[in-house]
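So that the names make sense, note that chain A is the first sequence line, chain B the second, and so on, each numbered from 1.
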2 protein chains.
Amino acid sequence: MTSNNLTPDIFSLSIPALAIDIVIFTVYKWSLYLLLNQRTEDWPEKWKYILPGWIVRSGLSLEENFDNILQNRTGIKWVYKEQLYTFWDVNRDPRWHVVSVTYYALVSSDLFMQNVDLTKVHIIDYSRIDEISIWYDHEKIIKYAKQRLDWKLEYTNIVKNILPQEFTLSRMQAVYESILDTKLDKRNFRKKIASLNILKDTWNLDKSTNRPAALYSFSDNELKIVGIL
Amino acid sequence: MTSNNLTPDIFSLSIPALAIDIVIFTVYKWSLYLLLNQRTEDWPEKWKYILPGWIVRSGLSLEENFDNILQNRTGIKWVYKEQLYTFWDVNRDPRWHVVSVTYYALVSSDLFMQNVDLTKVHIIDYSRIDEISIWYDHEKIIKYAKQRLDWKLEYTNIVKNILPQEFTLSRMQAVYESILDTKLDKRNFRKKIASLNILKDTWNLDKSTNRPAALYSFSDNELKIVGIL
DNA sequence: GCAAAAGTGTTTGGTCTACACCCATGA
DNA sequence: TCATGGGTGTAGACCAAACACTTTTGC
């Protein structure tokens, strides 16, 4: 193969289709959940769960495609997202050759509850992920997304995208515990968070519990690299 | 937009072209280098440096496309690679709408010297990267790849892909120092590496220096997550 | 007054850092 | 014999982990 063989030839070089698939996490009540679609009637294997996703439309930007797909497949208007990996497999989708750009996304449970369309999307307890039937390689993508989420939780302030605007330290700790599936020491956790100077006290109180708890919010909106745990 | 609007329509959904671009790092003598192509005569801005890359051909797997492009653009037959990011920009390549899947790659200087075709590829001292003229957004991609490389060096045993099969600890330390652009303490470095149990003594000696130095190799071929620095 | 979650310090062990000299060989 | 890079240990600072009781409120 010489350099000349690489001369662009739009026909042999095109790929048939490009898709976006989104792994959406949320923490609802005290557990980590995943938002999954189910295959519709006219598809084979209709009972299987599948990541929200679709083929992209040319002429729109990636952002526009993402937002359309997100809204169409879940009802949700906005999530925090990061690109995860681009999968490529001629045999991946039996219907056609698809390259899939995957994202993982975080949504706080209040934002999620406002917008989600539960006729379109199912909320699945992450701890039951191995018990359900997931279409093709989407389970692999989910596990990869979870790894990335774990890492980002430990080393960045990304947790703010799962928490509501104002939250108690106990709530924040519970988010870490449910996602990382560990128990954390309350005093050490609070010391660590305090030392990072990433929160500000709102001086509001959460009175829903017995003893009212101080409500905090993030003092900074950028994604920061900070060793949290 | 309703669900019906998402019904696949292969014509409006196709994208024109998909490319692979590769950021290749090597450590040559005592510095970090980058392997870049230069735009050829018939292209505009022909003097600018550009990442080795090309449009993918359908019908081949991603691996095959990667290997073809790597070999065509650099002469090199094999590199260690990891996917970096997928860029999407209708205005990215003025010739057509391109989605680019980028990789970063590492190659040891001996493997590199065996195979590289220096008529195709230029080797650029990374510390001079800001002095040269780089095409379109490839500089951004390079900086992003360097960040990823720095991180991977600190937290994994990825350095083995830049080192020859057998190497001295001083050589290994020099690779860290040149890529991360820091000075490391010799004793602390050796203690840390020893504590990680990732090397084995080959009982061979490097006699090219005055006092012969012990030669080590990695005891394990998998990529491991280990806090190295 | 009691149940339930919030909030608060100290001690200990391990890890990271700084630092300087002797050794083996080639020329 | 001297120049060159290879190889080695210790002390102090800092950080992470373990651990239990008091406080505030609703009922």
Side-chain angles (χ1 to χ4, degrees), chain A residues 27 29-31 150-151 153-157 163-164 166-178 180-217 224-229, chain B residues 27 29-31 150-151 153-157 163-164 166-178 180-217 224-229:
Chain A
V27 173
K29 299 196 187 290
W30 303 95
S31 307
D150 288 351
W151 186 85
L153 266 189
E154 291 196 35
Y155 293 103
T156 74
N157 60 354
L163 288 165
E166 299 192 352
F167 51 89
T168 67
L169 288 176
S170 296
R171 182 81 211 171
M172 182 173 175
Q173 184 178 340
V175 167
Y176 275 92
E177 290 179 336
S178 61
L180 301 178
D181 196 24
T182 47
K183 268 295 189 193
L184 298 172
D185 180 89
K186 184 158 55 161
R187 278 172 291 191
N188 291 339
F189 181 80
R190 283 162 187 247
K191 253 179 295 173
K192 192 64 203 283
I193 299 301
S195 76
L196 295 172
N197 285 112
I198 52 177
L199 300 185
K200 63 168 189 281
D201 195 332
T202 65
W203 305 107
N204 297 327
L205 294 176
D206 174 3
K207 304 201 169 171
S208 70
T209 176
N210 276 344
R211 172 170 173 174
L215 284 163
Y216 293 85
S217 65
K224 269 193 197 169
I225 307 281
V226 285
I228 290 197
L229 298 186
Chain B
V27 172
K29 297 193 188 292
W30 304 94
S31 306
D150 288 352
W151 187 84
L153 267 189
E154 292 196 35
Y155 293 104
T156 74
N157 60 353
L163 287 166
E166 301 193 349
F167 51 87
T168 66
L169 288 175
S170 295
R171 183 78 211 172
M172 183 173 175
Q173 183 178 340
V175 168
Y176 275 92
E177 290 180 336
S178 62
L180 301 178
D181 196 24
T182 45
K183 267 295 190 193
L184 298 173
D185 180 87
K186 184 160 51 163
R187 279 174 291 192
N188 293 338
F189 181 81
R190 284 161 187 250
K191 251 178 299 173
K192 190 65 203 282
I193 298 301
S195 76
L196 295 173
N197 285 110
I198 52 176
L199 299 186
K200 63 167 186 283
D201 196 331
T202 66
W203 304 108
N204 296 328
L205 294 175
D206 174 2
K207 302 200 169 173
S208 69
T209 175
N210 277 345
R211 171 170 174 174
L215 283 164
Y216 294 86
S217 65
K224 270 194 196 167
I225 306 281
V226 285
I228 289 197
L229 298 186

What nitrogen or oxygen pairs link the protein and nucleotides 11-16 of chain C at under 3.5 Å?
none

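- What separates CD1 of Ile228(A) from C1' of dA16(D) is a distance of 16 Å, to the nearest Å.
- The interatomic distance linking Arg187(A) (CZ) with dT8(C) (P) rounds to 12 Å, in whole Å.
- In terms of position on DNA chain D, the residue among Asn188(B) and Arg171(B) whose nearest nucleotide sits closer to the 5' end is Arg171(B).
- Rounded to whole angstrom, the span from the NZ atom of Lys183(A) across to the P atom of dA16(D) amounts to 21 Å.
- Contact annotation for Lys207(B): no contact, since no heavy-atom pair falls under 4.0 Å across all strands.
- Between Tyr176(A) and Ile228(A) there is a side-chain heavy-atom pair separated by less than 4.5 Å.
- Taking atom NZ on Lys186(A) and atom C1' on dT22(D), their separation rounds to 11 Å, with Å as the unit.
- In this structure the side chain of Leu163(B) never reaches within 4.5 angstrom of the side chain of Val27(B), judged on heavy atoms.
- The salt bridge (charged side-chain N to carboxylate O under 4.0 Å, His left out) analysis of residues 180-205 of chain A, with sequence neighbours excluded, yields the pairs Glu177(A)-Lys183(A).
- Regarding Ile193(A), its CD1 atom lies at a distance of 16 Å from the C1' atom of dT8(C), rounded to whole Å.
- Using a 4.5 Å heavy-atom threshold, the side chains of Lys224(A) and Thr156(A) count as separate.
- Within residues 208-215 of chain A, the residues approached by DNA chain C to less than 4.0 Å at the level of any non-hydrogen atom are Thr209(A), Asn210(A), Arg211(A), Pro212(A), Ala213(A), Ala214(A), in residue-number order.
- Rounding to whole angstrom units, CG of residue Leu205(B) and P of dA24(C) are separated by 12 Å.
- OP1 and OP2 of dG5(D) both lie 4.0 Å or more from every side-chain N or O belonging to Ser170(B).
- Summarising the geometry, the separation between CZ on Arg190(B) and P on dT17(C) is reported as 17 Å, rounded to the nearest angstrom.
- Glu166(B) places no side-chain N or O within 3.5 Å of a backbone atom of Asn204(B) that could act as its donor or acceptor partner.
- Under the 3.5 Å distance criterion, the side-chain polar atoms of Thr168(A) are matched with a main-chain donor or acceptor of Arg171(A).
- Residues Leu180(B) and Asp150(B) have side chains in contact (heavy-atom distance under 4.5 Å, counting atoms from C-beta outward).
- Between the OH atom of Tyr216(B) and the C1' atom of dG7(D) there is a distance of 9 Å, given to the nearest Å.
- Met172(B) is not listed as a side-chain neighbour of Tyr216(B), based on a closest heavy-atom distance of 4.5 Å or more.
- Looking only at side-chain heavy atoms (C-beta outward), Phe167(A) and Leu199(A) come within less than 4.5 Å of each other.
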